[in-house]
Protein chains: 2
Amino acid sequence: MANNDAIPVEPDHGGGIRQRSRASIERRILDAAESVFAEAGFNGATTAEIARRAGIPKANLHYYFKTKDDLYQQVLTGIVNTWLHTADEITAEADPAHALAHYITAKIELAREQPIPSRVFANEVIHGAPHLGTYLGSELRSWVEAKAKVIRGWITAGKMREVDPRHLLFMIWASTQTYADFAAQISAVLGRDQLSQQEYKAVARQVTEIILRGCGLTPPNPS
Amino acid sequence: MANNDAIPVEPDHGGGIRQRSRASIERRILDAAESVFAEAGFNGATTAEIARRAGIPKANLHYYFKTKDDLYQQVLTGIVNTWLHTADEITAEADPAHALAHYITAKIELAREQPIPSRVFANEVIHGAPHLGTYLGSELRSWVEAKAKVIRGWITAGKMREVDPRHLLFMIWASTQTYADFAAQISAVLGRDQLSQQEYKAVARQVTEIILRGCGLTPPNPS
DNA sequence: GAGAATCCTGACCATTTGATCAAGATTGTT
DNA sequence: AACAATCTTGATCAAATGGTCAGGATTCTC
């Protein structure tokens, strides 16, 4: 766990040095924590390694974040907040094919651009989500119910084949996030260090095609 | 890497108490280890907890398995061996629709019946597969290439739509294993402690339908 | 039944790790 | 300048943990 280089310190241009410095150092710590948690999980992550990557002494880390759990909570909260608004285009008025294609493509792009937070979240859920409190059963559940209602509306309107919308969402999550969470496996099997942007586009197209056709929809022609 | 094969043993070829006891206690330890590794990951798992669940003193655990890493290797090997032969029905002669439907259904059933080993494996891969050595890039890669060749044959024969077989496999893995790995999330979102067997059958049917239709195949009528 | 092989276990150790603290350094305020 | 608030850090601690060991208990072989 001693690989990544420390995160470079940003110059402190103008404005209250204290406040700005505080914000930037907290950001550095959170970024460092994110990567360490993603690589080692909550238990395997050490505050010493997080501090090292953030470029500060361990004692200083504990000045900004009282406990390791506190730090982990903040990382999880950040991820969750990012994810809450990724399917805004799934609305009753939208065209199902376009909305789903857009959602799937966006999720694949997210998997490519930000695999690390995805892994922290996946790790947390695999271990039974002990630090997620009631989030999954309340907020996320409501979110899913709302989206499911939209999709059921599409089905009732005869716009797509009859499927269970919740399990359709699970399938989309799985098929897209696997490219972030299981990147090591995919890279090894394909024999590449990492996929090119072209390959990600091809993946997005294929996943979209299979799921849309599977729902009785015609995939929009990708431009 | 030294496992208990190195322990000088063998003079008991009669199924005596020694051999029987050793086999059963090793099984108990491996089962305990499996569950602890699944819950806490490699780093978070403690040999003390594994020993406690196996009902033996910690020192005795270290008699059967020299190191924690040794134990983990054996757990991983067991999982991998189980998985190696789950898609035997995917052959050049087989009917694509039936073969894929059978594979997907079998994987969903495996996710229901043995979610714990799946989680250990998922956890390992998420963290970059540091303990899997060259398995992903050699054995698994060859396995995927062989299956991909079969599917390409189906495509060439005009039996199914043109897709990248490797990413199709990734999609099947993701869509099925998510019901083992992310069970906590799925349970919470659906508001149930765990899915009934009926629900698993419905899931298998829906995943099969979407993927087969997505590949231009007609799902076989489930009997 | 005696001696050997195997198994069991409490006690122990070295290291790691999350967290604390006191003293010093820097920045803000009057 | 003087004093307060905030930040930094080396040193340190208590707990947890992977692993060892010596010696006792049990089972096997002859």
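Letters A, B, ... are given to chains in the order of the sequence lines, protein chains preceding strands, and every chain is numbered from 1.
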Notebook entry, point to check: Do B/His127 and B/Asn43 meet the criterion of a side-chain donor-acceptor pair at a distance under 3.5 Å?
Noted result: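 No - no donor-acceptor pair under 3.5 Å links their side chains.
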
Check: Have A/Tyr179 and B/His167 got a donor and an acceptor in their side chains that come within less than 3.5 Å?
Finding: yes

Starting at [atom1] of [X] and ending at [atom2] of [N], how long is that distance when rounded to a whole Å?
X       : N      : atom1 : atom2 : answer
A/Asn60 : D/dT6  : CG    : C1'   : 11 Å
A/Glu49 : C/dG18 : CD    : C1'   : 15 Å
A/Lys68 : C/dG18 : NZ    : P     : 4 Å
B/Tyr63 : C/dC8  : OH    : P     : 7 Å
A/Arg52 : C/dG18 : CZ    : P     : 14 Å
B/Arg22 : C/dC7  : CZ    : C1'   : 9 Å
B/Leu61 : D/dG18 : CG    : P     : 10 Å
A/His62 : C/dA22 : NE2   : C1'   : 17 Å

Check: Are B/Glu145 and B/Arg141 within salt-bridge range, i.e. N to O under 4.0 Å?
Finding: no

Margin query: Any base atoms under 4.0 Å from B/Lys58, or only sugar-phosphate, or nothing? Heavy atoms, all strands.
Written below: base

Note to self: By the 4.0 Å heavy-atom rule, please label A/Ala51 as base, sugar-phosphate, or nothing.
What the structure shows: nothing

Note to self: So, does B/Thr47 get its side chain near the phosphate of D/dG18, meaning an N or O under 4.0 Å from OP1 or OP2?
What the structure shows: yes

Next item on the list: Report yes if at least one side-chain N or O of A/Lys66 is closer than 4.0 Å to OP1 or OP2 of C/dG18; otherwise report no.
Entry: no

Margin query: For B/Trp173 and B/Trp143, take the angle between the two ring planes, folded into 0 to 90°, and tell me which bin it lands in: parallel under 30, tilted 30 to 60, perpendicular over 60.
Written below: tilted

